[in-house]
Amino acid sequence: MKMKSPRLLAAGFLALALVATAAADTLARFNGHWQIDLAKSTPIRPWNEARLDIKADADSAQIVRHLRWGLERKVDDTTNVKTDGHTVTANPVGYWLDTWYTNVYIGGDHQKQVTGEWLDGGRVLKVESRLALEAQQGDHPVHIYEEYRLSPDGNTLTVFALRSTRDQAMTYVFHRISKFDEPAGMVTTASGLRYAITRQGTGPLAKPGQILTVHYTGTLVDGTQFDSSRSRQTPYIFTLGRRQVIPGWDEGFALLHVGDQAVLIVPPELAYGKTARGPIPANSPLKFEVELLEAK
Amino acid sequence: MKTFSTRLLSALGALVLAAVLAPSLHAVPGHPGPAPKEAYLVPVKDNWEITGALPENLMLIGLQGLANTDAPRVYVEYPETWHFHDFNPLKDFYATRYGIKFTRLDTPDVALTALGKFAKGYVVWDRKVRPSINVALTAAGVLRAVVVDESLIPLAEKHGLKKLADFRGQFTGQTDIQIYRWAYDKYWKDCSRDYLIWMGGAAGNVMEPGVADLGIAFGAFVTDLSANPKDKEEFAFHKELLAQMKPTAWIMGWHSYAKDTEGQWVTLTSSYGLKVIGLNTFPNGTFMSQIGFSPDFKFTNSNHVTRQSVVKPENKVYLCLVQSDSMGIGAWTQPERGQIPYNWEVGVDGAQWYPAAMEMFTKDKTPNDFFIGGQSGYMYPSAVPADRFPGLMKEMNERMVPMDQHTVTIMDHSDRGIPIGYFDLPKRVVDQYYAGAPDVIGFINGYAAAHTFDVRNGQAFISYDYYLDEHRPQADVVADLDELMRLNPVRPYYLLLHVRESNSIKRVIDIVNALPEKPEVMPLDTFLKLAGTKPTFKVRYKDERPSGQSWDVQTQ
């Protein structure tokens, strides 16, 4: 048998390497944080927020599902899966999270057996789970088939799910997160400031000209905390409406009552604009978790 | 626009009517008696802001409390948008069914002309300090005074009322705990130990004091102290008040949404074995609770079986539809009512606190309408001390008799910190119900779905298998119910369904008709009897629920 030339072999290896790199690049596009689009998804109530954090490579994937219900309840559900299409990975499960409508709980040994596989050149992640659900009459085996499909632009993740006990398919659409983690009930003002009061105080509304004593923690969109009065254990004091602070603060604190805790999302034009400032890059929107302690 | 002479005539008419009404003392709130021949009608405005119409509205509701302390003399006409809007037709029902002739007191001036004699003076609250309203309401009950803000002082004095207390400036800069502690030191010794008023609900510039008339009539302490353990001082003071109440006391009103949660508040109240009558917006309590059923009316239920009946379950799905929220926020008046068996949750306290409303709603029941009851008000049995439970069960049994009720509904929210399954009950609570209510046909439990199930001596204890959310699309609901039938393959399968809020009866009928496996829709008493005869469910309690240690659970 005639030996292939070293040049051909090299070319072959290069081609394989290029394909592998392309596949790896495709898989890497699953990585990141994903926010559910409730309008395009099967209802998830009582949960009013769902996020996915995905870390994937050629051999495995980790899918962390964050569900939140108001301010009171949140749960994180982690699934680790080998993606060779064969290996069965056992994952512990405590609650059946998909609904509170039905009397269905996790049953059996409180484990789910999961297999994963990359399909279509890494554009689709298939995850199959087997577990026991406990209903009124006892345990019942259930097989769940899910496909995580990435859009061509890499910004939309659609999860199709089928359960052996249910005729209706479920669809969940997620968008890549490139913005702050925001509480429910955010309000946008005419200037573009976004805010939500996360705990109501009982004091009076802050007024321009008053000296405010506040606590705050500021973060960038990537989660970097750039400043915090709480970390310094020293409240910050300024006069409201006198341009002693960024415009987003003058506007935002004028919306608060003493005792209020709130989240302010300040667009760059109401913060530092095109100017970089210390750890804050130019054109950065800023998130502040604030508390109005006193107004004199 | 009314002329001066019209107002004068109205005022004179009111004076004459006051003279007629004055001697007819026969009752106190919470003790229904015969209806009066005449009563006053006092309208309030559709604005509940401290800086809006609240001062005037509050004065009128307080005046109602003073006037109604020993007889039902005054009915406040709330705006159409008021929270208990299903009570709106009640005034007309009193007029037509009970023959009460109402005289309208259109303005605060006219109202004070007619009713000012029930007050010994006035107390002034501070518009800049919201909790001073609650202190003023407490003082008003103790001192028998009308509550006014600064702007209404001239009106009160015009009617010869003297200032008995003035809280303007007194609490400036003080915390709620400091204010309420002052009120406690000053008035608590003279306040009722049978009633406490929680004037919570809306916060900030808004107050909706529908229950203020009861507070004043009872001489109750009025507050909105927090039930959140994080608010250490308020929480401790809150407990101090509850500990001093009589075992049979009622907590009337609602918690402050700005301070704590419903779960925290009711759990704390229940931990003292006390019952809650909600809400702070509950209207006309002093009027409704002094007028019983009309003479020729007897409250009866559409009972189908008794505790001793024998039934024969078949191999099918039995579906039972329970509509909570009293009459279901409008569902009762829908034309489809009566087409399928429907079970309506009506409080056992209705006969005490709003008999006429009960009569108005239920006088035209159909054979397919079945009423189910339960313990008084909001009470979470898991939180109730064991030594208080038998007394509460005795009271429940006694209250079910005039309501002709033979099934018990339970809802426990005390463990809401966990994400799923917090409506389940531990075995000790289930044991207490079986011990305390041996004669009822059975029990149902939950709000959302739950999996506490039991059966003893033919009495089934069943939790909701499904929660019908008014917002959930019909196709999803049908898929949910079909999935439940597949997860529970043995027949008979007992599917208890909680119909919530504004779900229409037509929507429910459409859902039932769309199910692939047709269930038989049953009234609750028969449903429980069938389940008690041939149970196919697994007996479970909360104690067996997985701990969920792997979840990051945050509670408020």
Side-chain angles (χ1 to χ4, degrees), chain A residues 42-43 45-47 64 66-78 91-107 109-110 132-142 163-170 197-205 257 259-260 296, chain B residues 128 130-131 175-176 203-204 257-259 261 263 416-421 446 448-451 453 462-469 471-473 475-484 486-490 493-495 516 536-538 540 545-556:
Chain A
T42 300
R45 287 186 73 185
W47 311 105
V64 183
H66 305 279
L67 289 164
R68 191 181 287 267
W69 177 5
L71 296 173
E72 287 188 56
R73 302 179 189 85
K74 71 169 192 177
V75 294
D76 299 329
D77 161 34
T78 301
N91 287 267
V93 282
Y95 293 105
W96 177 241
L97 297 173
D98 283 0
T99 178
W100 88 327
Y101 300 106
T102 52
N103 169 22
V104 177
Y105 292 67
I106 291 292
D109 59 0
H110 300 274
L133 293 179
E134 185 187 24
Q136 185 191 116
Q137 294 178 349
D139 283 354
H140 195 93
V142 176
R163 279 205 295 271
S164 55
T165 48
R166 189 181 182 91
D167 286 342
Q168 180 200 51
M170 291 155 288
I197 295 171
T198 51
R199 171 147 188 178
Q200 286 192 317
T202 54
L205 189 70
H257 292 75
D260 278 355
K296 286 184 182 174
Chain B
K128 297 174 183 169
R130 191 180 190 276
T175 62
D176 286 13
Y257 292 116
K259 292 187 173 183
T261 65
R416 63 175 291 164
I418 61 173
I420 299 284
H451 80 165
F453 286 79
I462 290 186
S463 293
Y464 287 114
D465 246 27
Y466 193 71
Y467 173 97
L468 179 54
D469 182 337
H471 301 294
R472 193 155 175 85
D476 294 271
V477 174
V478 171
D480 291 342
L481 294 172
D482 180 46
E483 186 169 24
L484 276 173
R486 287 155 73 165
L487 287 166
N488 296 284
V490 178
Y493 164 45
Y494 305 101
L495 203 174
T536 53
F537 46 81
K538 184 178 165 186
R540 296 185 195 78
R545 181 172 45 75
S547 65
Q549 291 171 354
S550 60
W551 307 108
D552 172 20
V553 177
Q554 285 198 345
T555 59
Q556 191 173 13

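To find a chain, count down the sequence lines: A is the first, B the second, and so on, and within it residues start at 1.
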When the 4.5 angstrom heavy-atom criterion is applied to B:Y464 and chain A, the contacting part is backbone
* Report yes if some heavy atom in the side chain of B:D176 is under 4.5 Å from a heavy atom in the side chain of B:K259; otherwise report no. => yes
Cut-off 4.5 Å, heavy atoms of chain A, and the answer for B:L484 is side chain
Under 4.5 Å to a heavy atom of chain A? For B:A203 that would be side chain
| query | Parallel under 30°, tilted from 30 to 60°, perpendicular over 60°: which one fits the rings of A:Y105 and B:H451? | reply | parallel
In this structure, CG of A:L133 is separated from CZ of A:R163 (nearest 0.5 Å) by 7.0 Å
The reported gap from CG in A:L205 to CG in A:D260 (rounded to nearest 0.5 angstrom) is 8.5 Å
Greatest number of non-hydrogen atom pairs under 4.5 angstrom with chain B, of A:H140, A:Q136, A:Q168, falls to A:Q136
Heaviest contributor of heavy-atom pairs below 4.5 Å to chain A, chosen from B:G446, B:A258, B:S463, is B:A258
Applying a strict 4.5 Å limit to non-hydrogen atoms, the region of B:F453 in contact with chain A is side chain
Between B:D476 and A:Y101: side-chain donor-acceptor atoms closer than 3.5 Å | no
For A:D139 and A:G107 the tightest heavy-atom approach is OD1-CA, 3.6 Å
When the 4.5 angstrom heavy-atom criterion is applied to B:P473 and chain A, the contacting part is side chain
Comparing B:P489, B:A479, B:P516 against chain A, the one with the most heavy-atom pairs below 4.5 Å turns out to be B:A479
